[in-house]
*Asks:* 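Below is the structure I would like to discuss, written out as structure tokens.
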Amino acid sequence: MSTTTITRRDFLKISGASLGALAVGQMLPIKVAEAARQAGMLDANGNGYIPTMCEMCVWRCGVRAKVKDGRVVKLEGNPEHPHSLGNLCARGQSGLMNTYDPDRVLTPLIRVGQRGEGKFRQASWEEALDLVASNMQEIKDKYGPEAMIFSSTHNLSQVQFENLLNAYGSPNYGTQRSLCFNAMIVANQMTYGMEEPFRNYGGLKYLILTGRNLMEAISTSETSILSHAIDKGLKVVYIDPRFTKTAAKSADWCAIRPGTDLAFHLALLNVIISEDRYDHDFVEKYTVGFDQLAEEVQPYTPEWAAPITDIQADVIRRIAREFSDAAPNALAHNGWRTSNFENSFQTQRAITCLNALVGNWGIHLLPAAAEGAGLGAPPQPPYPRASAMRMDGVPWKYPLVPFKLGVFQELRDAIIAEQPYKAHGWFISRQNPVQSLPDRRKTLEAMSKMDFIAVVDIFLNDTAWFADVVLPEASYLERYDPLNVVGDLAFLRQPVIQPQGEAKSALWIYKELGKRLGLEDFFQYVDEEDYLRQQLAPLGVTLEEVREKGYARMPGGGEEGEFTWNTPSGKVELFSDTLNNAGFNALPTWEEPPRPPAGKFYLLTGKVGRHTQFATQNNQLLHKYQDEPRLWMNSASAKALGLADNDLVKVTSDVGEANIQLMVTEAIRPDCVYLTPGYGHVSKGLTTAFGVGASDSVLHVTYTDPVSGSQALSQTFVSVTAV
Ligand SMILES: Nc1nc2c(c(=O)[nH]1)N[C@H]1C(S)=C(S)[C@@H](COP(=O)(O)OP(=O)(O)OC[C@H]3O[C@@H](n4cnc5c(=O)[nH]c(N)nc54)[C@H](O)[C@@H]3O)O[C@H]1N2
Ligand SMILES: Nc1nc2c(c(=O)[nH]1)N[C@H]1C(S)=C(S)[C@@H](COP(=O)(O)OP(=O)(O)OC[C@H]3O[C@@H](n4cnc5c(=O)[nH]c(N)nc54)[C@H](O)[C@@H]3O)O[C@H]1N2
Ligand code: SF4
Ligand SMILES: [Mo]
């Protein structure tokens with residue numbers, strides 16, 4: 001067992017019951033407390049509300065944190081935040097338990113046992129930072145900066161993490177994007193010349209959701225807008241092999257065969273074109289390649305698609321007609337992860353074409369605002385040129401994948417293969433690749449090849465468990481982060497309590513590492529507050545003013561020019577020359593997905609409303625209210641296998657196996673099983689989550705779409721047997 005950090009009793013001593021003995025407000029950051037008092041947010045005893053932002057998922061809803069006697073006692077929604085509109089989801093409300101989790105890492109840790117044994121000793125920041133920096137410098141000197149891998153998942157201080165890796169000079173950067181939405185982004189870029197248009201639900205009458213489980217896989221404002229729109233009569237067609245909470249709120253649920261969403265959408269295109277139901281005006285003025293598309297989809301009739309998708313031909317035809325009848329108030333949602341198959345990219349392309357045919361641009365699809373434009377930034381010199389090729393194959397193997405997206409799973413596999421060269425170090429921040437990459441065995445193998453691994457997290461997560469040094473970040477209620485721009489507002493994350501233990505902000509950690517690596521010119525901010533002041537400079541507001549409301553208004557946009565799509569033709573590209581020139585299908589074309597051999601099931605994954613990814617299972621409140629995960633199996637399949645509800649079963653894929661209890665249900669196709677992601681943690685430093693459930697990442701085989709670099713999780717097939 002680990003000799004980590006601080007015991008539960010120590011924790012209570014510093015943060016819990018004994019706090020009553022402290023002077024009131026003593027645990028509040030002094031400047032924040034001063035400003036809050038002056039603004040009348042805190043009473044004379046230091047109790048009241050401080051505005052900040054949630055970080056329990058990427059939506060970063062506005063929060064009003066209720067503080068009492070120097071502790072956060074409740075989190076409420078900030079009504080002025082456009083994401084939450086005054087509400088917080090179950091995860092957001094439970095956020096204080098992440099901050100007060102007895103498993104928090106509160107001092108830097110240095111490994112003392114074997115890697116993966118979980119034995120660490122506490123260390124000072126000085127020692128831990130020196131150790132990380134000297135290893136990074138040694139790797140750079142011996143093997144070049146490319147031998148150091150960096151990886152992190154979307155967060156507000158990521159801009160400075162990227163600053164560190166770019167200044168250091170490594171081209172090897174892994175993010176969650178290729179595990180998540182590469183197919184959607186690259187398809188949108190090919191058709192529209194932008195990453196993701198904004199979806200406007202105002203006046204929308206008909207919506208097709210393809211594997212976008214918005215009622216559980218929450219996108220705060222969109223989830224609530226959708227919910228209200230359904231109440232007001234929006235008709236939703238939901239396509240998912242599983243009956244989810246979104247299916248329950250939809251007019252139609254089509255239990256599609258996994259991986260065949262492309263056939264369904266091609267058939268919709270076929271009906272709309274062959275029955276002359278498309279918006280001629282929009283197609284002629286604003287698209288290229290319609291004739292080629294019309295020819296391409298000719299064979300894809302509903303009768304052709306029915307046996308492939310298991311959706312009846314008359315249902316497909318009805319949906320196509322209803323969809324086009326509702327034009328332009330019809331929308332095919334581009335989803336994020338669609339079918340989770342290698343052909344998802346073509347499905348995404350088909351979805352973009354469908355939207356063009358009903359002419360919903362400018363009404364239900366709008367260009368998204370540029371992120372963060374208008375804020376100031378610390379000055380810095382240009383980055384050194386990274387001369388080595390990227391290990392993830394961008395662009396030499398994946399010519400259309402933007403550098404920013406990358407192909408993380410390929411990077412991991414290249415580390416194992418030591419191709420095109422050998423990597424020696426890995427710096428991971430705010431990410432849990434041991435859980436989030438498919439095929440855990442491979443991820444652990446890649447980690448075992450490293451001379452050195454450093455992790456920045458708030459917990460000893462499953463990846464930190466295998467690290468040499470763990471650097472503890474202050475929790476989101478204890479730190480500043482760079483501003484977050486949402487629409488025309490820039491929101492502030494400010495500490496509502498002092499960091500516990502020795503935890504520090506990521507802005508501080510990266511700057512300290514930069515200093516030790518001789519890269520101080522890239523980190524020209526004195527501290528977090530100075531960083532924010534530099535960001536706010538062009539806005540003409542002071543940090544003190546922003547603290548009070550929790551946000552600043554961005555300067556009004558300039559004159560809006562006429563909109564054109566940023567594609568080579570300046571139009572919506574139904575036929576894409578870019579795809580053609582790169583040797584890929586320029587039109588959405590049928591690509592047959594693999595099917596499970598007899599006796600095997602498709603293994604489905606998908607979010608649940610009360611957890612975020614692999615990060616919240618240790619939260620004691622969320623843990624209490626979320627049922628322990630079981631493997632969903634259709635009752636007919638269970639019967640055929642002689643299995644009953646709650647039986648312990650063994651799930652076996654080509655790369656791993658896991659034992660888990662069965663949940664017999666009608667809510668899934670007979671040829672599929674489903675497992676909630678985020679369980680089966682390996683770190684014993686997560687004392688609440690450890691030993692609960694099983695990990696689907698152990699089972700997932702690594703498949704990658706050659707066009708977008710997206711992984712394809714539903715392509716993993718498993719057998720299920722009684723234990
Ligand atoms: N509560 C909560 N909300 C979240 C998150 C979270 O962790 N927790 N994560 C956020 C993130 S990062 C993301 S990317 C989004 C993801 O949100 P979604 O895009 O909705 O993704 P998932 O929940 O992964 O999968 C959605 C559905 O796809 C279905 N599916 C699997 N294979 C197929 C197929 O072949 N065809 C079709 N049509 N459906 C299929 C699954 O059964 C599942 O119900 O959610 C975001 N919101
Ligand atoms: N099997 C399976 N695999 C999947 C998915 C799936 O549905 N099933 N979903 C995919 C998707 S859509 C995505 S986006 C990826 C996500 O994959 P990851 O990005 O790897 O997963 P997260 O769980 O978001 O990792 C976040 C880490 O940040 C830590 N953390 C939380 N708060 C803080 C903080 O304030 N500071 C710091 N430094 N750390 C913090 C948490 O402890 C956690 O270790 O996974 C992908 N992989
Ligand atoms: S959706 Fe929930 S977890 Fe995500 S930021 Fe909003 S309140 Fe927090
Ligand atoms: Mo994601």
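Just follow the structure's listing: the first ligand is 1, and inside any ligand the first atom is 1. Just so you know, these numbers use all the heavy atoms, side chains as well, and skip hydrogens, waters and symmetry mates.
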*Asks:* What I want to find out is whether R242 reaches E216 closely enough, with some N-O distance under 4.0 Å, to be called a salt bridge.
*Replies:* no

*Asks:* Can you confirm whether Q312 is buried at CD, in the sense that more than 12 heavy atoms of other residues, nucleotides or ligands lie under 6.0 Å from that atom?
*Replies:* no

*Asks:* Is the closest N or O pair between E216 and ligand 1 shorter than 3.5 Å?
*Replies:*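 Yes; at least one N/O pair falls below 3.5 Å.
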
*Asks:* Under a 4.0 Å heavy-atom cut-off, what residues line ligand 2?
*Replies:*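 Within 4.0 Å of ligand 2, protein side: T153, Q176, L179, C180, R337, R430, Q431, N432, S436, V456, D457, I458, F459, N461, E473, R479, T605, K607, Q613, F614, A615, P677, D696, S697, H700, Q711, L713.
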
*Asks:* Kindly confirm or rule out an N or O of L214 lying under 3.5 angstrom from an N or O of ligand 1.
*Replies:* no

*Asks:* Using a heavy-atom cut-off of under 4.0 Å, does the side chain or the backbone of S714 touch ligand 1, or both, or neither?
*Replies:*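 Side chain only; the backbone of S714 stays clear of ligand 1.
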
*Asks:* If the cut-off is 4.0 Å to any non-hydrogen atom of G609, which atoms of ligand 1 fall inside it?
*Replies:* 1 (N)

*Asks:* Side chains of Y238 and T244: does their closest heavy-atom pair fall under 4.5 Å?
*Replies:* yes

*Asks:* Charged N to carboxylate O below 4.0 Å: is that the case for R595 and D671?
*Replies:* no

*Asks:* State plainly whether the residues R104 and E478 are in salt-bridge range, i.e. N to O under 4.0 Å.
*Replies:* yes

*Asks:* Where is the tightest heavy-atom contact between S157 and D481, given as atom of each residue plus distance?
*Replies:*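 Closest approach of S157 to D481, heavy atoms only: CB-OD1, 3.7 Å.
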
*Asks:* Salt-bridge test for K504 and E473: reply yes if a basic N is under 4.0 Å from a carboxylate O, no otherwise.
*Replies:* no

*Asks:* Would you say ligand 1 has an N or O under 3.5 Å from any N or O of P258?
*Replies:*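 For ligand 1, there is no N or O atom that lies under 3.5 Å from one belonging to P258.
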
*Asks:* Taking only residues two or more places apart in sequence, or in another chain, which ones meet K600 in a side-chain contact (heavy atoms from CB on, under 4.5 Å)?
*Replies:* P596, P597, D654, F717, S719

*Asks:* Any sub-3.5 Å donor-acceptor pair from T463's side-chain atoms to V434's backbone N or O?
*Replies:* yes

*Asks:* Should T210 be counted as touching ligand 1, given the test is an N or O pair under 3.5 Å?
*Replies:*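 N/O-N/O distance under 3.5 Å: no.
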
*Asks:* N/O of G335 under 3.5 Å from N/O of ligand 1, yes or no?
*Replies:* no

*Asks:* When you compare ligand 1 with R257, is there at least one nitrogen or oxygen pair between them that comes in under 3.5 angstrom?
*Replies:* no

*Asks:* Number the atoms of ligand 1 from 1 as they appear, then name those within less than 4.0 Å of a heavy atom of T244, with their elements.
*Replies:*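 Reading through ligand 1 atom by atom, the close ones are 44 (O).
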
*Asks:* Could you tell me which residues satisfy side chain to side chain donor-acceptor pair (under 3.5 Å) with S94, sequence neighbours excluded, listed by chain and number?
*Replies:* none

*Asks:* Considering residues at least two apart in sequence or located in another chain, which fulfil the side chain to side chain donor-acceptor pair (under 3.5 Å) criterion with S250?
*Replies:*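 Once residues adjacent in sequence are excluded, S250 has no partner under the side chain to side chain donor-acceptor pair (under 3.5 Å) criterion.
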
*Asks:* Does S219 have a non-hydrogen atom less than 4.0 Å from ligand 1?
*Replies:*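 No, S219 has no heavy atoms under 4.0 Å from ligand 1.
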
